[in-house]
Amino acid sequence: MDLFEYQGKQYFERFGIPISPGGVADSVEEAVEQAEKIGYPVVVKAQVQVGGRGKAGGIKLANDADEVRLHAGNILGMDIKGHVVRRLWIEQASDIEAEYYVSLTLDRSKKLHFGMLSAQGGVDIEQVAEESPDAIAKIWIDPVDGLTPESARAWVQAADLDPRAEDATVDIVQKLYTCYIEGDATLAEINPLILTPDGEVRALDAKVSLDYAAVYRHQEIWGAFDGLEPHDERERRASELGLQYVGLEGSVGIIANGAGLAMSTVDIVNQVGGKPANFLDIGGGASADHMANALTVINEDENVKAIFINIFGGITRCDEVARGIIQAMERVELKSPIIARLDGTNATEGRAILKENESERLQMREDMLSAANAAVKIAGES
Amino acid sequence: MAVFVDENTRVVVQGLTGSQGRFYGLRNRDYGTQIVAGTNPRKAGTDVEGIPIYATVAEAVEQAGANTSFVIVPSAFAADAVLEAAAGGVKLIVCVTEHIPAHDQARIYNTLKRDYPDVTMLGPNCAGILSPGKANIGFTPTEVAKPGGPVGVVSRSGTLAYQALYELTAAGIGQTTCVGIGGDPVPGTSFIDALAAFEADPETKAIVLIGEIGGSAEEEAAEYIQDNVSKPVVAYIAGVTAPPGKKMGHAGAIISGNKGTASAKMDALTAVGARVAQNPTEIGGLVQEALKEIGAL
């Protein structure tokens with residue numbers, strides 16, 4: 001789960017990372033209210049999960065209530081790279097002497113936690129990495145050892161920040177590590193981390209991603225960040241039903257078991273000239289109910305003209321899948337025909353069940369390629 | 001020969017008393033795998049269809065001679081189960097559990113590396129491992145496999161590995177071992193470990209490597225192949241048309257920025273001489289071609 005900036009800051013605050021005073025606003029009136037409370041000047045910031053807000057006009061300085069009204073009115077409802085702004089973060093404006101960058105993530109290749117700290121903050125870190133790689137102080141942290149105060153200081157010293165920022169930054173990177181570990185974050189990034197003229201160090205932005213797999217042990221944190229429905233209504237619905245779904249733009253609905261096979265099914269539909277409507281992995285132990293849910297979600301997608309069910313039975317037994325398809329067809333008035341391909345565990349039983357029910361609305365194919373071709377043809381004909 | 005598991009492998013199933021553990025544990029036993037024990041501290045002294053249940057892995061090792069653990073427990077308990085298995089004395093751990101938090105995966109990986117360097121872990125979130133005709137641990141449907149070699153299969157994805165087995169078997173080509181390394185961000189065993197095992201195995205003549213988007217394990221495998229693998233490699237990478245920034249089912253299958261794309265992986269593998277299939281059904285044909293070229297078919 002990716003947090004919005006304001007949520008990331010609220011999250012940082014729990015762990016004692018200093019941020020500027022601020023508040024959330026969903027309307028122009030609320031924006032003015034927050035600004036009056038904070039004191040001018042303030043910064044009006046669009047809350048969207050996409051980079052380049054500033055360039056798009058989604059971050060504005062306001063010196064009085066009229067300016068807050070003007071900017072809040074302009075920014076609310078603004079479309080930034082396909083993300084519509086529904087919420088603002090109003091924050092006390094900061095005097096900035098220096099902008100730094102700090103982040104923690106997991107290095108999949110080294111299988112260690114990975115920290116980056118740079119005196120060149122406020123810009124895209126990948127650009128810094130490319131243009132002046134020596135400007136980034138890197139640290140790899142063994143999760144068994146954690147980040148010790150000594151290694152934190154050595155890391156900060158290697159970044160060559162303003163000496164006045166050193167102690168505060170050493171404190172912040174340790175708190176950032178704590179929040180990264182304790183909340184099971186997959187990314188905790190501050191860009192920029194600022195030094196003010198009076199020597200204070202603060203997080204001016206917050207980018208935090210939390211690990212879905214760890215929700216069970218962070219009910220409280222996750223509960224605090226509601227209203228985070230996925231961008232795509234179909235994805236929201238699928239997630240409610242416990243399905244691994246990614247919305248795409250085409251007309252061939254896809255259901256497969258296993259992420260690999262589902263990805264491969266999306267690929268093969270593209271390769272034979274079709275356009276997949278989605279990625280959907282019904283998962284390992286998918287029951288008949290699960291299949292019915294999957295078909296329901298796909299059926300609600302207006303673009304879908306054909307449904308390609310691609311099952312290779314291992315953990316999911318083909319007879320369960322076949323029963324699921326039949327049950328779903330009884331429960332839901334499917335708008336598109338199904339092209340199914342079953343192989344693997346209990347495939348013979350599964351195929352027999354489908355055979356009894358075969359029709360124009362439910363067709364079978366022996367292999368992936370011919371099934372993809374058939375599905376794409378039907379989707380094209382409609 | 002098979003790699004990692006064979007007819008001498010003696011398996012304790014952590015989670016045998018649960019419904020999934022029971023289904024797959026018994027299925028694996030029916031195939032001929034020596035499933036010698038299960039664990040459950042609350043059910044010690046009972047049995048599942050004649051398989052004795054012990055309180056701990058250590059007891060299963062000591063009393064039933066287990067040398068391998070099959071971990072099939074809910075995600076909240078899986079990290080502890082893996083560490084218990086290592087401490088209990090097994091040398092191979094096959095963890096099929098999905099949704100173990102990424103930080104736990106990193107912690108397990110580094111703990112095993114430090115404290116139990118002779119323990120190999122497959123997974124988490126892997127389909128298991130099958131040495132056809134010898135042993136099967138996990139979900140792999142044995143119906144689609146054929147014993148006797150000469151092909152070794154290693155895959156992040158379960159279903160794509162099954163697909164590869166099916167294509168090979170349909171072409172009359174057997175397999176030595178099918179190794180699932182799993183779709184999570186921090187797998188215990190990488191492609192490189194499996195490639196090394198297959199390279200060292202005289203019965204394996206060719207290797208099928210099935211990767212997917214996310215991370216750089218395939219690029220690292222390509223680098224390894226360049227200097228260390230003499231046997232022909234056929235590869236397939238899923239997710240060629242996956243959109244960036246979207247997690248495609250597996251926790252590890254995500255393109256971040258421009259990193260982890262299928263095309264970069266395919267290019268890296270092609271550059272070191274691997275035959276790269278455009279879709280999974282091409283795998284069989286490419287393996288046939290590779291085996292003919294080396295006179296093994």
Side-chain angles (χ1 to χ4, degrees), chain A residues 106-109 111-113 126 142-145 180-181 184-186 211-217 244-248 256-271 276 279-281 283-285 310-317 343-348 367-369 372, chain B residues 20 24 27 75-76 96 98-107 109-111 113-114 127 138-141 143-144 155-163 166 183 185-186 210 212-217 220 236 238-243 246-253 257 262 278-281:
Chain A
L106 180 66
D107 182 334
R108 290 173 58 173
S109 181
K111 299 172 170 70
L112 298 169
H113 298 307
E126 284 185 8
D142 188 319
V144 181
D145 301 327
Y180 168 80
I181 292 295
D184 275 288
T186 51
D211 186 353
Y212 279 99
V215 185
Y216 72 91
R217 57 188 180 203
Q244 304 260 32
Y245 178 102
V246 176
L248 303 169
N257 69 319
L261 189 63
M263 271 185 269
S264 183
T265 310
V266 167
D267 287 345
I268 207 165
V269 166
N270 273 307
Q271 280 161 3
F279 163 99
L280 196 163
D281 170 12
N310 191 9
I311 299 296
F312 206 99
I315 186 167
T316 308
R317 303 190 291 274
D343 250 316
T345 307
N346 293 5
T348 316
D367 64 86
M368 236 170 117
L369 196 59
Chain B
Q20 294 281 307
Y24 290 101
R27 207 179 132 81
S75 60
V96 298
E98 192 178 0
H99 304 306
I100 297 178
H103 287 200
D104 284 1
Q105 295 176 29
R107 188 168 52 84
Y109 178 89
N110 287 287
T111 305
K113 191 175 150 192
R114 177 179 306 196
F139 306 143
T140 313
E143 294 87 337
V144 298
S155 177
R156 278 165 76 179
S157 153
T159 39
L160 289 176
Y162 314 158
Q163 176 77 44
Y166 176 80
V186 192
I210 301 170
E212 61 196 36
I213 54 166
S216 55
E220 287 148 24
Y236 172 70
V240 178
T241 57
K246 295 278 189 180
K247 198 176 69 184
M248 303 300 271
H250 283 159
Q278 298 303 309
N279 66 59
T281 46

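Note: hydrogens, waters and symmetry copies are ignored here, and every other heavy atom, side chains too, is used. In the text below, chain A, chain B and the rest are named by the order of the sequence lines, each starting its count at 1.
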Which bit of [X] is near chain B, if near means a heavy-atom gap under 4.5 Å: side chain, backbone, both or neither?
X: A:A256; result: neither
X: A:V266; result: both
X: A:I181; result: both

Pick whichever of [options] has the most heavy-atom pairs under 4.5 Å with chain A.
options: B:Q163, B:Q278, B:E212; value: B:Q163
options: B:S157, B:P185, B:A106; value: B:P185
options: B:T111, B:V186, B:L160, B:I100; value: B:L160
options: B:T241, B:V96, B:T281; value: B:T241
options: B:R114, B:H99, B:R107; value: B:R114

Which atom names give the shortest non-hydrogen contact between [X] and [Y], and what distance separates them?
X: B:N110; Y: A:K111; answer: ND2-O, 2.8 Å
X: B:H250; Y: A:G260; answer: CE1-N, 4.1 Å
X: A:M263; Y: B:I213; answer: SD-CG1, 3.8 Å
X: A:F312; Y: B:T159; answer: O-CG2, 3.4 Å
X: A:V246; Y: B:K247; answer: CG2-O, 3.6 Å

Examine whether an atom of [X] lies under 4.5 Å from a heavy atom of chain A, and if so say whether it belongs to the side chain, the backbone or both; otherwise answer neither.
X: B:P243; answer: side chain
X: B:S216; answer: side chain
X: B:I210; answer: neither
X: B:A217; answer: neither
X: B:V240; answer: both

Non-hydrogen side-chain atoms of [X] and [Y] separated by less than 4.5 Å:
X: A:N257; Y: B:Y162; result: no
X: A:Q271; Y: B:N279; result: yes
X: A:R217; Y: B:D104; result: yes

I'd like to know which of A:L106, A:V215, A:D184, A:I268 tops the heavy-atom pair count under 4.5 Å against chain B. A:D184
Heaviest contributor of heavy-atom pairs below 4.5 Å to chain B, chosen from A:S109, A:S264, A:A214, A:A262, is A:S264
Does the A:R108 side chain pair with the main chain of B:G252, one donor and one acceptor, at a distance under 3.5 Å? yes
Please determine whether a side-chain nitrogen of the Lys or Arg among B:K113 and A:D142 lies less than 4.0 Å from a carboxylate oxygen of the Asp or Glu. no
Describe, in one word, how the ring planes of B:H103 and A:Y180 are oriented to each other, choosing from parallel (under 30°), tilted (30 to 60°) and perpendicular (over 60°). tilted
